[in-house]
Protein chains: 2
Amino acid sequence: MSKASERAYAEIRGLILTGDAPPGSPLTEEALADICGVSRTPVREALRRLEAELYVVRTGSQRLFVADWNSDDLAEMFTLRAMLEAHAAARAASRITAAALDDLRACNARIAAAIAATPADVATFLVENRRFHEIIISAAASPRLATMLAALVEQPVVRRTAARYGQAELSRSAHEHAELIQAMAARDSAWAQAVMTSHIRRAFHAFSAAAPEG
Amino acid sequence: MSKASERAYAEIRGLILTGDAPPGSPLTEEALADICGVSRTPVREALRRLEAELYVVRTGSQRLFVADWNSDDLAEMFTLRAMLEAHAAARAASRITAAALDDLRACNARIAAAIAATPADVATFLVENRRFHEIIISAAASPRLATMLAALVEQPVVRRTAARYGQAELSRSAHEHAELIQAMAARDSAWAQAVMTSHIRRAFHAFSAAAPEG
DNA sequence: CGACACCCTATTGTATACAAATTCCCGCGG
DNA sequence: CCGCGGGAATTTGTATACAATAGGGTGTCG
């Protein structure tokens, strides 16, 4: 996608993530085109992508609405993420380069710094945490896997979750990252896979505990 | 997607699967529009979808080519399918309705009949085998999972594989299906998951043995 | 008062025209 | 002969116009 399409995608995604377009609200191509300052064509492409990523849902008569996830959806999403990202970690462990390992270390150092700040710098934590996981997915060198994980939208959940995380959970996360780095440096796929699985499951449990309403 | 888009998607996908558009060959929107008898607009949508499903790849300058999978790609694809579809089987085991179970039984009966014929009716086997797996995926009731598995293109591989399958492999497949039905009827998620995992892994091994060149 | 049919409007689907970008080829000069 | 512009041609990106279709509202009839 080139400029306008990309812009429309980011814009609409932003509307959904910030809650400006709340779950269940209808989306019309023309209105979005106006908001984004482009024509319907790039908006349509953006909407197709958002639909594939399940940010928006389509009724039988082709009308689009902002997706509304219930707790079952979220649980399923975390389960899939745990499965796929653990697989990515296993692949990454046997393929990752020294440079990428250094990137991971640097990234986790920034995460640790963000946590150590008072108050904890949650925004930086989110950005760097995401980057950490992206490095691993990239190191797994599987376009299929990367595509699937991209579709497993995580931002809205992470955002809601992290705001409720305590220092303890953030620290534990950084510690698990450190163990992941160890596992990968040791080229131990099984270890990396196991750590990643529990890492994501714990994130889910923390989320469930913090936001039991779904 | 409505009529024209859908038609374009099916048409282009057909070109790729039959080999009329061989791996690595360039795809231009206008040529495809001519072939499909529609304008570029629905062709573009079809191509986006095919790109997401990795049937086609896009260069840095937005030109599209038929994807060319090597043996590593295929192995990765089977691994992911085994993982995701086993998860689908586990979910299906705890959710499937009596009616869907009957559908599975009927479907497997048709598979058995196709195998019993002399010579074995491979075309019917392929269609019904696909349907069998689709019923399970549908019973898993996870749109995310369904989307991902749809993207895990299987047709070209299955096609290439089944043509080389012997009666023994086909029979074993039907037998494994029967065991899957048992596991689901017993509402045994772990059993269903295990059977599905080995079912797909065996298919992969048979494929590798039959087509070691990739 | 309720149900049904019809029309009108809102929204999406498709085609086409035009703009931007990229590639390819040809001619030129070293 | 090779490398290097430069421009034409091909190809994709975007906008807009028009067609088709679904939904809602209203009026009428039972």
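Not measured: the values here are computed from a predicted model. We name chains A, B, ... by the order of the sequence lines, and we start the count at 1 in each one.
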Integer-rounded Å distance: D:dT11 C1' and B:L64 CG: 11 Å
Would you kindly give the CD-to-C1' distance between B:E45 and C:dT14, to the nearest whole Å? 9 Å
For B:E30 and B:R40: C-alpha separation, side-chain torsions, deciding distance, then whether salt bridge (charged side-chain N to carboxylate O under 4.0 Å, His left out) applies. CA-CA 6 Å; B:E30 197 165 357; B:R40 275 177 55 210; over 6 Å; no
Contact between B:E51 and B:V57 at the side-chain level, heavy atoms closer than 4.5 Å - yes or no? no
What I want to find out is whether A:R49 reaches A:E6 closely enough, with some N-O distance under 4.0 Å, to be called a salt bridge. yes
OP1 or OP2 of C:dG13 under 4.0 Å from side-chain N/O of A:R58: yes
Residues 95-106 of chain A, side-chain donor-acceptor partners within the protein, below 3.5 Å, at least two apart:
from   : atom 1 : to     : atom 2 : distance (Å)
A:T97  : OG1    : A:A100 : N      : 3.1
A:D102 : OD1    : A:R105 : NH1    : 3.0

Between B:N108 and B:I111 (side chain of the first, backbone of the second, donor and acceptor by atom type, cut-off under 3.5 Å), is there such a pair? no
What's the CZ-P distance between B:R44 and C:dG13, to the nearest Å? 16 Å
So A:R202 and A:E169, salt bridge (charged side-chain N to carboxylate O under 4.0 Å, His left out) or not? Walk me through it. CA-CA 9 Å; A:R202 280 193 192 124; A:E169 282 84 5; over 6 Å; no
For A:S142 and B:E76 the tightest heavy-atom approach is OG-OE2, 3.2 Å
I need the NZ-P distance between B:K3 and C:dT14, as an integer number of Å. 9 Å
Each nucleotide of nucleotides 15-23 of chain C classed B (base within 4.0 Å of a protein heavy atom), S (only sugar-phosphate) or -, in 5' to 3' order, makes BB-----SS
Here the residues of residues 20-33 of chain B within 4.0 Å heavy-atom distance, strictly under, of DNA chain D are B:L27, B:T28, B:E29
Integer-rounded Å distance: C:dT14 C1' and A:R48 CZ: 12 Å
For B:L149, does its backbone N or O pair with a side-chain atom of B:R81 as donor and acceptor, under 3.5 Å? no
